[in-house]
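See structure below.
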Protein chains: 2
Amino acid sequence: MNADLSVSPLSLAILGLISLQPLSGYDLRKCFATTPMGHFSASPGAVYPALGRLEKAGWIQGAQDDRQELRPRRMFSLTEEGKAILVAYLSRGITREDVIWRLDELLLRFSFMGHWVTKARVKRFLIQFGQEACRYVEVLRAQRASFPDLPSATARLALEYGIEQYQAAVRWADQALVEVGSKP
Amino acid sequence: MNADLSVSPLSLAILGLISLQPLSGYDLRKCFATTPMGHFSASPGAVYPALGRLEKAGWIQGAQDDRQELRPRRMFSLTEEGKAILVAYLSRGITREDVIWRLDELLLRFSFMGHWVTKARVKRFLIQFGQEACRYVEVLRAQRASFPDLPSATARLALEYGIEQYQAAVRWADQALVEVGSKP
DNA sequence: CGATACATGTAACCGGTTACATGATTTT
DNA sequence: AAAATCATGTAACCGGTTACATGTATCG
């Protein structure tokens, strides 16, 4: 109902995973525990309440799994509204702030884009991402230059770590753009 | 008093900055707002309570700034105990989990190491960091290889982004080690 | 005179962490 | 018999976010 309701990274990850196939809370936790998506938390105290909130919002629905053996599972799948929210979220443009402050979330978004948005949007994402990352490299370089009073060699090196990371991001975006563009 | 008390990244950043010179809460917020350290939060609702906790723990102490003009500031400096906690924290070895789940915090630690720990420890940090990052690159590569069923091209590319980031980290550590080693 | 910078703080809210509870089935 | 796996959840705690309150000094 409310597409600009802000979605926490964990909720976005859940929405994205469930969009691929119905999953139980336990399935989600296993997935978080064994992949880098675990950065958005694998603890039961985060996953189950998040599922509850998403169900209450009407974005996912749980169906009792009718097996006799073991404890019954609740398999969650996306509702139409949930699908709309997910697509809206994945379609959002990238801001400079996203690239600086919410890199992880951006990559999470990107990882689900392949399924639900057009190739043109994927390309736009990569172009904007590369541009903003490039700009931020300049900002960081300027910071390095304007703080010759950087308190120590390690502080300078830590800043250079950030520069290297964003440069790698720029290269990745360029390469990914080539790959996405070449496979029609 | 308790060196294995876990310190939040924000508290560590505050401890580190104050270790360089006495600062007010406002100074800290400005610093967070204008540098990548802001990743550990610049909001007053985080900084002032954190200062309160650190003071209560006896790791920092605030002194009223005796200026007539403007509102009086409280300038915080490290106590001896706070200094000990900081050094203990900076001296810690790196675990695989740190490299996978707490990269930001690791770099924060590194940025303050130059002041308070020996060059040998800085080198050890870089060696361990490089090793663990290298190992994690292999883990991620294995994941890419073992999931040919990766749901989409963008999901694969997102994983490759992670690989590129950690590879850049390995290169950075190697280069940093050379720089630290060459300047006696 | 209004905006901005200086400066410190509080309160409501949200959500993640850790640890625990529960209980069946399968493996050692 | 014990441990591990499957499976869902709760409760206390902690701490970050947002927004607000308060008040002075300076700049345009």
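Just so it is clear: chains get the letters A, B, ... in the order the sequence lines come, proteins before strands, and each one is counted from 1.
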Would A:R109 and A:E105 pass as an ion pair if we require N to O under 4.0 Å?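 Between A:E105 and A:R109 there is no salt bridge, as every charged N stays at least 4.0 Å from the carboxylate O atoms.
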State plainly whether the residues A:R171 and B:E164 are in salt-bridge range, i.e. N to O under 4.0 Å.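 Looking at B:E164 together with A:R171, the answer is no, because their closest N to O distance does not fall below 4.0 Å.
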Tell me whether A:E80 at atom CD has more than 12 heavy atoms from other residues, nucleotides or ligands lying less than 6.0 Å away. no
Centres of the A:Y89 and A:W116 rings: under 6.0 Å?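 No, too far apart.
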Do the side chains of A:R74 and A:S24 get nearer than 4.5 Å, heavy atoms only?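 SC-SC contact between A:S24 and A:R74 ruled out.
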Starting from P on D:dT5, measure out to NZ on A:K30 and report it in whole angstrom.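 Going from A:K30 (NZ) to D:dT5 (P), I get 11 Å.
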In the 5'-to-3' direction, what one-character label does each nucleotide of nucleotides 8-17 of chain C receive under the scheme B = base within less than 4.0 Å of a protein heavy atom, S = sugar-phosphate only, - = no such atom? BBBB---SSB
